[in-house]
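Before any comments, here is the structure.
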There are 2 protein chains.
Amino acid sequence: MTQTNKRGRPRKFDEDETLDRIMQVFWKHGYAATSLDQIAAETGLNRPSLYGAFGSKKSMFLQALDRFSDQMHVHLREAGMSAKGANGRMKAIMSAAIDLYTGRTRLSGAPYGCLAISTLPSEAAQDPEMQAALEKMVHRMDKGFASLIRYENGTNLTEPDIQAKAQQLSLVLHGISIRARSGTDANSLKQLAYSAVDSLLPVT
Amino acid sequence: MTQTNKRGRPRKFDEDETLDRIMQVFWKHGYAATSLDQIAAETGLNRPSLYGAFGSKKSMFLQALDRFSDQMHVHLREAGMSAKGANGRMKAIMSAAIDLYTGRTRLSGAPYGCLAISTLPSEAAQDPEMQAALEKMVHRMDKGFASLIRYENGTNLTEPDIQAKAQQLSLVLHGISIRARSGTDANSLKQLAYSAVDSLLPVT
DNA sequence: GTCATTTTATACCAAATCGCATAAAAACAT
DNA sequence: ATGTTTTTATGCGATTTGGTATAAAATGAC
């Protein structure tokens, strides 16, 4: 056991809660348009404290993104558990994602779409780290969908087919996050998503 | 006929060519991360000239976006003409869009995805004009796909079905533009797109 | 209590930002 | 030529940017 004795002046803020607030600011305004002053105002901290806890602006953003990714995948995984069969589980996941994108969860307070899809593309072309982060997010979703299909599949689909279907579903969800950001309501999005799931993973 | 006599000092630059260059800068860096100095350097003009010709930064961006939208739709329409049947035409359109997204056309010099999908989402939540522009881009694509399906359809699909299919295809293409921006190569994207088209518009 | 350590708060800095004021330059009208 | 009009070029200027230096404050160690 490492000693966890706190030396020096104690922090006035909770790191996770602060990172949640940071996430919200980036989620709304994107990366470039967010200033450290905005973040300071929203978190109640001042810039030196922010820098001490999370490093540079980019480092802060990437940490918020990781946190978003983890929380989103927990959220979707839980939703997937609540139904049966590939078709049903995928619809539940789509529904949960759309709730997230349209501001109907505790994680998302407003219809800001997907943090990654809404903010990373504008940075990806000028910053390899941002591009890598985008690629990682996309691949993580691909892998998650593939493993669900693989698990629920009655050996009907070959592995390449599984991968292809998973990518198709990711495509659809990314497109849906764009539409959520453009103002489309949750019900319309769910109709779209369900019909996409039905055509890709028909009920057996 | 209004007299088109040019009064005053003649311009040293071509407006369309300059707008093309402006478009490239926004395409690569997004809206917020692009500075007027960058644009000035890239176009060879100085800021007052830019302002005189195109107005504010946002006005410049929206004009570049309109130009992109028009040129893209010409590009896709031409591609659609080159094939027969709903399935074939849609595949040709997808292929042309992917060429555009991956920097394989004269319009796009690099694999920067779609100007609209790569840059607008990050601005949409804080600026209603940007959100409206994003919505307009999405709807324009929906309408284009719907009219193609409607035209090629042998009265098999009802109008709501046509709209739904069109939106599905838009979803797919938006997702593909995200992947293009994340670095996926053109061939992989085309495989994805073709298989999506086959499942949504099967050959009769 | 005194020292070491860590966080906070204020203030600063150099660079970059958008927009515009001002004046020179280049054309046409008369 | 002289004046009018439009574009160019230089440069200002107030604001904002990300990051940090400095010092005060708050804790534990001894």
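In what follows, chains carry the letters A, B, and so on, assigned in the order in which the sequence lines appear, proteins first and then strands, with residues in each chain numbered from 1.
- Under a 3.5 Å cut-off, the side chain of B/Gln126 and the backbone N or O of A/His29 do form a donor-acceptor pair.
- One can place CD1 of A/Ile39 at 11 Å from P of D/dT17, the figure rounded to the nearest angstrom.
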N/O contacts under 3.5 Å, protein versus nucleotides 19-23 of chain D?
{"residue": "D/dG19", "atom": "OP2", "partner": "A/Lys57", "partner atom": "N", "Å": "3.2"}
{"residue": "D/dG19", "atom": "N7", "partner": "A/Arg47", "partner atom": "NE", "Å": "3.2"}
{"residue": "D/dG19", "atom": "O6", "partner": "A/Arg47", "partner atom": "NE", "Å": "3.4"}
{"residue": "D/dG19", "atom": "O6", "partner": "A/Arg47", "partner atom": "NH2", "Å": "2.1"}
{"residue": "D/dT20", "atom": "OP2", "partner": "A/Tyr51", "partner atom": "OH", "Å": "2.9"}

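- Between A/Lys12 and D/dA26, a side-chain N or O to OP1/OP2 separation shorter than 4.0 Å is absent.
- Not a single donor-acceptor pair under 3.5 Å links the side chain of A/Gln63 to the backbone N or O of A/Leu19.
- Taking 4.0 Å as the cut-off between side-chain N and carboxylate O, B/Arg150 and B/Glu159 count as a salt-bridged pair.
- Contacts of residues 17-35 of chain B with DNA chain C (heavy atom under 4.0 Å): B/Thr34, B/Ser35.
- Distances shorter than 4.0 Å separate some side-chain N or O of A/Asn46 from OP1 or OP2 on C/dA9.
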N/O to N/O distances under 3.5 Å, protein versus nucleotides 1-6 of chain C:
{"residue": "C/dT6", "atom": "O2", "partner": "A/Arg9", "partner atom": "N", "Å": "3.0"}

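- Under a 3.5 Å cut-off, the side chain of B/Ser188 and the backbone N or O of B/Thr184 do not form any donor-acceptor pair.
- Ion pairing between a basic and an acidic side chain is recognised when a charged N comes within 4.0 Å of a carboxylate O; A/Glu135 and B/Arg179 show no such pairing.
- D/dT7 atom C1' lies 15 Å from atom CG of B/Asp14, rounded to whole Å.
- If you take CZ of A/Phe54 and P of D/dG18, they are 16 Å apart, rounded to a whole angstrom.
- A salt bridge links B/Asp70 and B/Arg140; the closest N-O separation between the charged side-chain nitrogens and carboxylate oxygens is under 4.0 Å.
- Considering only side-chain N and O atoms, A/Ser49 lies under 4.0 angstrom from the phosphate OP1 or OP2 of C/dT8.
- Within the structure, every pair that satisfies the ring pair (Phe, Tyr, Trp, His ring centres under 6.0 Å) test and touches residues 36-63 of chain B, not counting sequence neighbours, is listed here: B/Phe26-B/Phe61, B/Tyr31-B/Phe61.
- Checking side-chain atoms of A/Gln38 against main-chain N and O of A/Ser35 turns up a donor-acceptor pair under 3.5 Å.
- Atom CG in B/Leu45 sits about 12 Å away from atom P in D/dT7, given to the nearest Å.
- With sequence neighbours left out, the side-chain contact (heavy atoms from CB on, under 4.5 Å) criterion links A/Asp198 to A/Asn87, A/Lys91.
- The CE-C1' distance, from A/Met60 to D/dG18, rounds to 11 Å in whole Å.
- Counting non-hydrogen atoms of other residues, nucleotides and ligands closer than 6.0 Å to NZ of A/Lys136 gives a total of 12 or fewer.
- Sequence neighbours left out, the pairs with a member in residues 67-109 of chain A that pass ring pair (Phe, Tyr, Trp, His ring centres under 6.0 Å) are A/Trp27-A/Phe68.
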